[in-house]
Participant: 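First, the structure itself, so that you have it in front of you.
Atoms within a ligand are numbered from 1 in the order they appear, just like the ligands themselves. The basis for the numbers below is simple: all heavy atoms, side chains too, and nothing from hydrogens, waters or symmetry mates.
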Amino acid sequence: MSRHAQHPVRSVDEHRRAVTEALRGIRPRGETVPLREALGRVLAEDLVAPLSLQPFDNSQMDGFAVRAADTRRAPGEEDARLVVVAPVPAGHVPGPLATGEAAPVMTGAPLPPGADAVVPVEETLPGGFPTPGSVLRVPADQPAGRFVRRAGEDLAEGATALSAGQRLTPARIGLAAALGCAALRVRARPRAVVYTTGDEVVAPGAARGPAQIFDANAAILGAQLTEAGVEVLAAHLVPDDPEAFAARLAADAAQGPDLFVSSGGVSEGAYEVVRQVLGPHGEFVHVAMQPGGPQGLAHRHGVPFVCLPGNPVSTLVSFEMFLRPALTETVGAPVPRPLRTARLAEAVRPLPGRTQVRRGVWDGAEVRMAGGPGSHLLAAAARANALVLLPPGDAELPAGAPVELLALD
Ligand SMILES: Nc1nc2c(c(=O)[nH]1)N[C@H]1C(S)=C(S)[C@@H](COP(=O)(O)OP(=O)(O)OC[C@H]3O[C@@H](n4cnc5c(N)ncnc54)[C@H](O)[C@@H]3O)O[C@H]1N2
Ligand code: MOO
């Protein structure tokens, strides 16, 4: 237990709500994108159908358009006899169908005016598509409407085809295309600036001193933000120098970001650059979660600032537990991670009073821990495909016990 309660303690849910509230101020701008760039984007305005789907009555089968009334069974006859007229290929406008006629129609071809049913070619005699003037035999008593796709059956002209706030899936993009739209108005991606902090941290590829480590967190956060549909405007590695950090922040604010995200510099040390600069502009708390205990949340230059702890796995887990769900809730993307129930492949001891987020390898049924609980274990986390959510508890969870997890891929 801590002797000096330096930070207020809050629950995982409370902090997720706080991050979500902080992001509510993000004002979605709109932009128009071609359909091929629309996947996963969030629609900025309703799409009203400029035409019906189907746009016209058409055939669902390769066969013959007929008037159902012409096929009424004559006494002692199995089949009705009709006269074949000129075929209707898809994409061509047919002439009207007179009584007693059958027009060869292909799937998707408009139904000739007067026709109200389609008989599939394989049900007819003599078979295939006979030349115009030939006699065609079709099974008697064809029901009206058979194999006819009605105009407006799927969607009526003027109806709301897609609603503002919907995420664009392949089917929704396809619907826009079917309605003749080549581009869609979507919410612009939120734009973030990322800071990684610490005198001990150097960029991958740079020269590393004996007490230094490479910056893993800029790469982690860059990938997580990109995956979540956020544009990373810039990523800066800042030293433990509050004045330099404050100046960097002011310069970056001029670019008009929607969000600042940092890793490191939030806990109890003597050189906590993020907490020193942002402390007066926000709150630094301890969340009842491991990893990812120390957390900060501020506003600077009118922009929400989410401060994550510096251990690489703490950064990774904190993003998944707080920032990603907050983006889903406020900006409408990304898709939430699926929450699944799995059985423990091995006994696991949870933490009293704190939610523990372990990294796991999940095979769809059982989950096995990938490495220990330590938040520096990035290589173990890289083997994992799930975050295992262990609720606070004193008693060991036996092998076979059900646990919830967030599936990462
Ligand atoms: N006296 C206390 N000490 C610590 C506490 C505490 O409650 N009392 N909490 C511990 C926990 S839990 C965490 S998590 C860390 C969080 O600390 P900070 O957010 O201030 O992060 P740093 O001290 O800057 O770094 C922590 C750790 O991670 C390494 N690191 C930092 N940035 C990067 C990076 N970009 N790439 C790779 N690795 C990074 C850094 O070298 C440290 O080892 O505080 C504990 N201490
Ligand atoms: O809470 Mo810290 O994030 O465990 O390492």
Participant: Does E243 offer a backbone N or O that forms a donor-acceptor pair with the side chain of Q276 under 3.5 Å?
Facilitator: no
Participant: Looking only at heavy atoms, is any part of I213 under 4.0 Å from ligand 1, and if so is it the side chain, the backbone, or both, or is it neither?
Facilitator: side chain
Participant: State the atoms of ligand 1, each with its element, that fall below the 4.0 Å cut-off from a heavy-atom position in E272.
Facilitator: 20 (O)
Participant: Of the side chain and backbone of R275, name the one, both, or neither that has a heavy atom under 4.0 Å from an atom of ligand 1.
Facilitator: neither
Participant: Taking only heavy atoms of T197 into account, list the atoms of ligand 1 that are under 4.0 Å away from them.
Facilitator: 32 (N)
Participant: Could you tell me, atom by atom, which parts of ligand 1 come under 4.0 Å of a heavy atom of E200?
Facilitator: 40 (C), 41 (O)
Participant: Counting each atom of ligand 1 from 1 as listed, which ones have a heavy atom of P309 under 4.0 Å away?
Facilitator: 14 (S), 16 (C), 19 (O)
Participant: Which of the numbered atoms in ligand 1 are below 4.0 angstrom from a heavy atom of G265?
Facilitator: 18 (P), 19 (O), 20 (O), 21 (O), 22 (P), 24 (O)
Participant: Can you report which non-hydrogen protein atom sits closest to atom 1 (N) of ligand 1, along with the distance?
Facilitator: E268 CB, 3.7 Å
Participant: Looking at P294, which atoms of ligand 2 are within less than 4.0 Å of one of its heavy atoms?
Facilitator: 1 (O)
Participant: Is R137 salt-bridged to E78, cutoff N-O under 4.0 Å?
Facilitator: no
Participant: Number the atoms of ligand 2 from 1 as they appear, then name those within less than 4.0 Å of a heavy atom of N311, with their elements.
Facilitator: 5 (O)
Participant: Main chain of G256, side chain of R191: is a donor-acceptor contact present, judged purely on distance under 3.5 Å?
Facilitator: yes
Participant: Please list, in number order, the atoms of ligand 1 under 4.0 Å from a heavy atom of F214.
Facilitator: 36 (N), 37 (C)
Participant: For ligand 2, which atoms sit closer than 4.0 Å to a heavy atom of S314?
Facilitator: 2 (Mo), 3 (O), 5 (O)
Participant: Return the residue, atom name and 0.1 Å-rounded distance of the protein heavy atom closest to atom 5 (O) of ligand 2.
Facilitator: S375 OG, 2.2 Å
Participant: Is it true that, when you exclude F214 itself, more than 12 heavy atoms of the residues, nucleotides or ligands shown sit nearer than 6.0 Å to its CZ?
Facilitator: yes
Participant: Where on P312 is there a heavy atom closer than 4.0 Å to ligand 1, on the side chain, on the backbone, on both, or on neither?
Facilitator: side chain
Participant: Given A219, G310, P204, which one has a non-hydrogen atom that is nearest to atom 25 (O) of ligand 1?
Facilitator: G310
Participant: Taking 4.0 angstrom as the limit and counting only heavy atoms of V266, give me the atoms of ligand 1 inside it, by number and element.
Facilitator: 18 (P), 19 (O), 20 (O)
Participant: Tell me the contacting part of N217 for ligand 1: side chain, backbone, both, or neither, using a 4.0 Å heavy-atom threshold, strictly below.
Facilitator: both
Participant: Would P291 count as a contact of ligand 1 if the rule is a heavy atom under 4.0 Å away?
Facilitator: no
Participant: Less than 4.0 angstrom from a charged side-chain N to a carboxylate O is my criterion; do R337 and E227 meet it?
Facilitator: yes
Participant: Find the distance between CE (M289) and NE2 (H15) and round it off to the nearest 0.5 Å.
Facilitator: 8.0 Å
Participant: So, the side chain of R324 versus the backbone of S318: is there a donor-acceptor pair under 3.5 Å, distance only?
Facilitator: no
Participant: Where is the nearest protein heavy atom to atom 36 (N) of ligand 1: which residue, which atom, and how far?
Facilitator: A216 N, 3.0 Å
Participant: Under a 4.0 angstrom heavy-atom cut-off, which atoms of ligand 2 come close to P291?
Facilitator: 1 (O), 3 (O), 4 (O)
Participant: Taking 4.0 angstrom as the limit, do R300 and D252 come out as a salt bridge?
Facilitator: no
Participant: Who gets closest to atom 27 (C) of ligand 1 by heavy atom: I220, L308, N311?
Facilitator: N311
Participant: At less than 4.0 angstrom from any non-hydrogen atom of D215, what atoms of ligand 1 do you find?
Facilitator: 34 (C), 35 (N), 36 (N)
Participant: Side chain, backbone, both or neither: which applies to S267 and ligand 1 if a contact is any heavy-atom pair less than 4.0 Å apart?
Facilitator: both
Participant: Which atoms from ligand 2 have a heavy atom of Q290 less than 4.0 Å away?
Facilitator: 4 (O)
Participant: By number and element, which atoms of ligand 2 are closer than 4.0 Å to a non-hydrogen atom of G293?
Facilitator: 1 (O), 3 (O)
Participant: Hey, is R24 close enough to E21 for a salt bridge, meaning N to O under 4.0 Å?
Facilitator: yes
